[in-house]
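Values below: all heavy atoms of this structure, side chains included; hydrogens, waters and symmetry mates excluded. In listed order, ligands and their atoms are each counted from 1.
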Amino acid sequence: MTNIVVLIKQVPDTWSERKLTDGDYTLDREAADAVLDEINERAVEEALLIKEAQGGEVKVLSAGPDRATDAIRKALSMGADSAVHLNDPSLHGSDAIQTGYALAAALGNVAFENDEPADLIIAGNEATDGRTGAVPAIIAEYLQIPALTQMRKLIVADGKVTGERETDEGIFGLEATLPAIVSVTEKINEPRFPSFKGIMAAKKKTVQTITLADIGVEDGIVGVDNAGTTVISSTPKPPKTAGERLTDEGDGGDKISAYLVGQKII
Ligand SMILES: Cc1cc2nc3c(=O)[nH]c(=O)nc-3n(C[C@H](O)[C@H](O)[C@H](O)COP(=O)(O)OP(=O)(O)OC[C@H]3O[C@@H](n4cnc5c(N)ncnc54)[C@H](O)[C@@H]3O)c2cc1C
């Protein structure tokens, strides 16, 4: 029986336009459609696979504004048992360390039906908006538990989590004793689609909303005004152009190499 918490984040849909707020450069979350980050769907899927194989309970935890409930409901409709939503306006603009600190505090307050603490925390390796890829390791530091990051394969057995970590340098076999936190890559699995039954069941599942006061985090520690890192400027990427078409008249190879040289790619 494994008690699992999956960390899920609602992010702007990659297909909708993203923009930053004038002034403090925090993400303008109202300007874009919001979705459960795809990497977090995979994190939920992995938790469900572990539960289906060996029993246990799967809770999701998200720090986000009111509308993060949509992402939470999606995770519940996939099959997670219940959710904790850390929703506090003081979190606005928190950097990765503040987010990790608040999530670590919230994790200490997650209660399971068997009254035991979490064995395993599963996160995505990198959120598609902030993309610091830092939150899981920061949580590990605050909770003083092992972190296995960038995992493409996981096995939970005998009080340990083992698996494969994939980086540009190669594939590494890792092992840690539980409790531990892991972050997973897109190679970990293919997430299931919520079934109609799952969507209906999700409406009745418990979503516990908590504030910073509930978890003993003072307002002055988090938020954009207290962040250790500050975005001081922002330049949007130039819009995508139509590209350049080269016609192969027997000299296609020469044209491609001349193009690549011109672009300083080779
Ligand atoms: C354009 C932009 C630039 C930013 N630049 C920086 C920067 O340079 N430095 C900085 O410190 N912060 C930055 N931030 C803030 C950053 O987005 C937040 O701190 C964020 O909550 C955590 O960082 P991340 O999204 O990069 O998480 P990552 O570490 O990339 O996320 C990995 C995993 O952690 C979990 N997780 C992350 N956030 C949450 C959450 N809110 N609730 C539940 N689980 C979560 C998820 O499982 C996620 O898949 C930036 C934000 C934006 C929008």
Q: Answer yes or no: are there more than 12 heavy-atom neighbours, outside E52 itself, under 6.0 Å from its atom CD?
A: yes
**Q.** Ion pair K153/E166, N-O distance below 4.0 Å
**A.** no
**Q.** K74 bridged to E41 by N-O distance under 4.0 Å
**A.** yes
Q | With sequence neighbours excluded, residues passing side-chain hydrogen bond (donor to acceptor under 3.5 Å, both in side chains) with E244 | A | none
Q. Which pairs count as ring-ring contact (aromatic ring centres under 6.0 Å, His included) when at least one residue sits in residues 142-167, sequence neighbours excluded?
A. Y101-Y142
Q.
Connecting only ILVMFWY residues whose side-chain heavy atoms lie within less than 4.5 Å of each other, what is the rest of I232's hydrophobic cluster?
A. none
Q: Compile the protein residues with any heavy atom at a distance under 4.0 Å from an atom of ligand 1; present them by chain, then by number.
A: L7, I8, K9, L20, L27, I39, N40, L61, S62, A63, S94, D95, A96, T99, L103, A123, G124, E126, A127, D129, G130, R131, T132, G133, A134, V135, P136, T229
